[in-house]
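Structure first, then comments.
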Amino acid sequence: MAEETRKYTLEIWRQKNANDKGGFKTYPIDDVSPDMSFLEMIDLLNDRLARTGEEPVTFDHDCREGICGACSMYINGHPHGPHQGVTTCQLHMRSFPNNAKIVVEPWRAQAFPVVKDLMVDRAAFDRIIQAGGYVSVNTGSARDANETPISKEIADEAFNAAACIGCGACVAACKNASAMLFVAAKVSQLAILPQGQAERKARAEKMVAQMDAEGFGACTNTGACSAECPKEIGQEHIARLNREFLGASLSSKNVGDFKLIKQ
Amino acid sequence: MNWFTRVLTSSIGRKVLMALTGLFLSLFLVVHLIGNLQLLAGDEGAAFNAYAAFMTTTPIVKVASYLLYATFLLHIVQSILLTMHNRSARPVGYRSAGSSQGVSSTSRNMGILGTIILVFLIIHLRNFWYEMHWGEITTDAAGNKDLYKVVSEAFAQWWYVALYIVSMVGVGFHLWHGFASSFQTLGLNHAKYTPFIKSLGYGFAILIPLGFALIPIIMFVQSGN
């Protein structure tokens, strides 16, 4: 039996480069299998565009199994589409009724400039990590696993924060384009583990300073970030970031400005 | 930059100022409501006028009132600065912005709700606060300025009562998000206390504005208009 296929009307943001004004372009697409992922559907479109001599749609993608955070599409008003807890590569066309209109936009934020079409530059996140989202470890032979006892409860909580894949959906979903959930996850995962204690205060202060310098907005506790996060990272981590930042600001010996990481 | 300025002008520092000033203003609402309830004492305003005189002449209350004005200004100025900063964080908007699951409309519209409250505040201060301080007010039997008369004349007009009700709905929605949100901003999010804070916030957001709105309604009914 022939597989049932679907038709869609895609409205996709096309922008040649960072300086181009850009605009939406409509692409009707047919013969779409409901079992295709959203990215495979765009692959199909691009294959057809290439055959007709039109420039294919540029988009970020990598692992296609929901763990890398590369695929960044704002689909019908939601980062990664209408479902909760998934990335765009995990979104399937069966989620869209036949003949539906699908609007696809890039992440929109001052700190995430559009490179081309649906691809944005998320290096701002890398610079925030560079500012303090790490632990310093001596090189040499690897230490034994479970050498430092950590309770299951703490390990689970740290792991929930560490599930962040740095996709930027939190920024894309936030009405203020705030990066608080991302920074909160990165600060949280280290702040509650023994390995993260040495750099704990400086980490919170430096990462927040870098986040502000990158031009992200401020948090207004709407909770849209957690609702749209593919890893469903919760608001309690933002509260912890607030705590860590305030505690560090009041008690650390950093009286001057922080050296920011330049673009 | 001095570390103190750096912290207070950071995105989290600004939010902390919003939270602290917001909580202080919430506390003020409780005090204000308790004072207002004396309008319903049924003594032709004797208690209320004595209270108004106490509130405008006692030195310690005067100091507190300057702190209150400063808090209002800080909350308003900070909100304008934050809104401008947040707008600039997304210069190009979305064509199809959907609403995310579990996100309250009050949390998305704090600026609009705040603006409603600000407009109300200006009218409210002009009609009562300004009149009490610098207006021509007759005195009551005890020799206190008869603010009760000013209030009861205002609340005898239906449109004035309507303005108060609409404004109190605005205050209610503003508190609906603002109360619990302040605690989150201050870093207080805990499995044991957050559910209590949220419930307290919702109760506060309903009961306090309801109390404020009932006073003009009752006085309007009593005026017989």
Side-chain angles (χ1 to χ4, degrees), chain A residues 11 13 22 24 74-79 82 84 103 105 108-111 114 171-180 205 208-209 211-212 215-228 234-247 249-250 252 254-258, chain B residues 1-19 78-79 81-111 177-191 193-194 197:
Chain A
E11 292 193 23
W13 182 262
F24 283 96
Y74 195 86
I75 303 159
N76 283 353
H78 297 276
Q84 303 226 287
V103 182
E105 303 174 69
R108 294 293 191 191
Q110 172 73 35
V114 173
V171 175
C174 176
K175 76 181 183 76
N176 309 322
S178 170
M180 282 290 277
E205 290 191 281
V208 169
M211 169 183 86
D212 288 348
F216 292 105
C219 178
T220 47
N221 300 329
T222 68
C225 50
S226 293
E228 301 289 359
Q235 293 287 292
E236 67 275 15
H237 296 290
I238 292 184
R240 181 179 290 107
L241 171 61
N242 292 336
R243 273 202 306 278
E244 290 291 319
F245 175 77
L246 287 175
S249 297
L250 292 173
S252 80
N254 299 317
V255 287
D257 285 337
F258 293 106
Chain B
M1 206 191 297
N2 167 289
W3 73 269
F4 193 67
T5 322
R6 168 165 58 74
V7 173
L8 287 187
T9 54
S10 70
S11 59
I12 296 179
R14 284 182 196 280
K15 290 299 303 178
V16 165
L17 283 179
M18 284 303 284
Q78 207 58 255
S79 73
L81 291 174
L82 273 166
T83 306
M84 279 163 47
H85 171 69
N86 290 344
R87 291 259 167 89
S88 71
R90 178 166 293 138
V92 182
Y94 293 109
R95 183 168 140 192
S96 60
S99 56
S100 304
Q101 202 177 329
V103 174
S104 68
S105 54
T106 55
S107 72
R108 296 183 61 88
N109 294 302
M110 288 300 273
H177 171 72
F179 190 91
S181 177
S182 307
F183 289 90
Q184 164 83 2
T185 300
L186 295 173
L188 213 155
N189 184 322
H190 192 279
Y193 309 113
T194 300
I197 291 167

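Note on naming: letters A, B, ... go to the chains in the order of the sequence lines (proteins, then strands), and numbering restarts at 1 for each one. Note that the coordinates shown come from a computational prediction; the quantities given were computed from them, not determined experimentally.
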Considering only heavy atoms from C-beta outward, does the side chain of B:Arg6 approach that of A:Phe258 to under 4.5 Å?
yes
Portion of B:Ser99 that has a non-hydrogen atom of chain A nearer than 4.5 angstrom
backbone
If you measure from NE2 on B:His85 to CD on A:Gln110, what distance do you get to the nearest 0.5 Å?
10.5 Å
Under the criterion side chain to side chain donor-acceptor pair (under 3.5 Å), which of A:Asn242, A:Thr220, A:Asn221 is the partner of B:Thr185?
A:Asn221
If one checks every heavy atom of A:Asn76 against chain B at 4.5 Å, the contacting part turns out to be backbone
First locate atom NZ of A:Lys175, then atom CZ of B:Arg87, and finally report the distance between them rounded to the nearest 0.5 Å.
8.0 Å
Which atoms of A:Glu244 are under 4.5 Å from chain B, going by heavy atoms: the side chain, the backbone, both sets, or neither?
neither
Would A:Glu105 and B:Ser96 count as having a side-chain donor-acceptor pair, cut-off 3.5 Å?
yes
For the atom pair CD (A:Gln84) and OG (B:Ser100), what is the distance rounded to the nearest 0.5 Å?
8.0 Å
A:Glu236 portion near chain B, given a 4.5 angstrom heavy-atom threshold:
both
Quick check for you: among A:Gly223, A:Ala224, A:Ala209, which has the greatest number of heavy-atom pairs under 4.5 Å with chain B?
A:Ala224
Where on A:Val208 is there a heavy atom nearer than 4.5 Å to chain B: the side chain, the backbone, both, or neither?
side chain
Looking at A:Leu246 and B:Leu186, what are the two nearest heavy atoms and their distance?
CD1-O, 4.3 Å
Can you name the closest pair of heavy atoms from A:Phe245 and B:Val7 and give their distance?
CE2-CG1, 4.1 Å
With rounding to the nearest 0.5 Å, note down the distance linking NE2 in A:His78 to CD in B:Gln101.
9.0 Å
Can you say whether A:Ala172 sits under 4.5 Å from chain B via the side chain, the backbone, both, or neither, judging by heavy atoms?
both
Using only heavy-atom distances, determine whether the side chains of A:Asp212 and B:Ser10 contain a donor-acceptor pair under 3.5 Å.
no
When you look at A:Met180 and B:Ile12, which way does the side chain to side chain contact (heavy atoms under 4.5 Å, CB included) test go after all the steps?
CA-CA 9 Å; A:Met180 282 290 277; B:Ile12 296 179; 3.8 Å; yes
Using non-hydrogen atoms only, which part of B:Ser88 is less than 4.5 Å away from chain A: side chain, backbone, both, or neither?
backbone
Any donor and acceptor pair, going by atom type alone, linking the side chain of A:Arg240 with main-chain N or O of B:Asn189 inside 3.5 Å?
no
What's the spacing between A:Ser178 OG and B:Arg90 CZ if we round to 0.5 Å?
10.0 Å
Under 3.5 Å, is there a donor-acceptor pair between the side chain of B:Lys15 and the main chain of A:Ala218?
no
Heavy-atom cut-off 4.5 Å, strictly under: side chain, backbone, both or neither for A:Phe216 against chain B?
backbone
Please check if atom CZ in B:Phe4 has more than 12 non-hydrogen atoms from other residues, nucleotides or ligands closer than 6.0 Å.
no
Indicate the atoms forming the closest heavy-atom contact of B:Ser11 with A:Met211, along with that distance.
OG-CE, 3.4 Å
Let me know if B:His190 has heavy atoms under 4.5 Å from chain A in its side chain, its backbone, both or neither.
neither
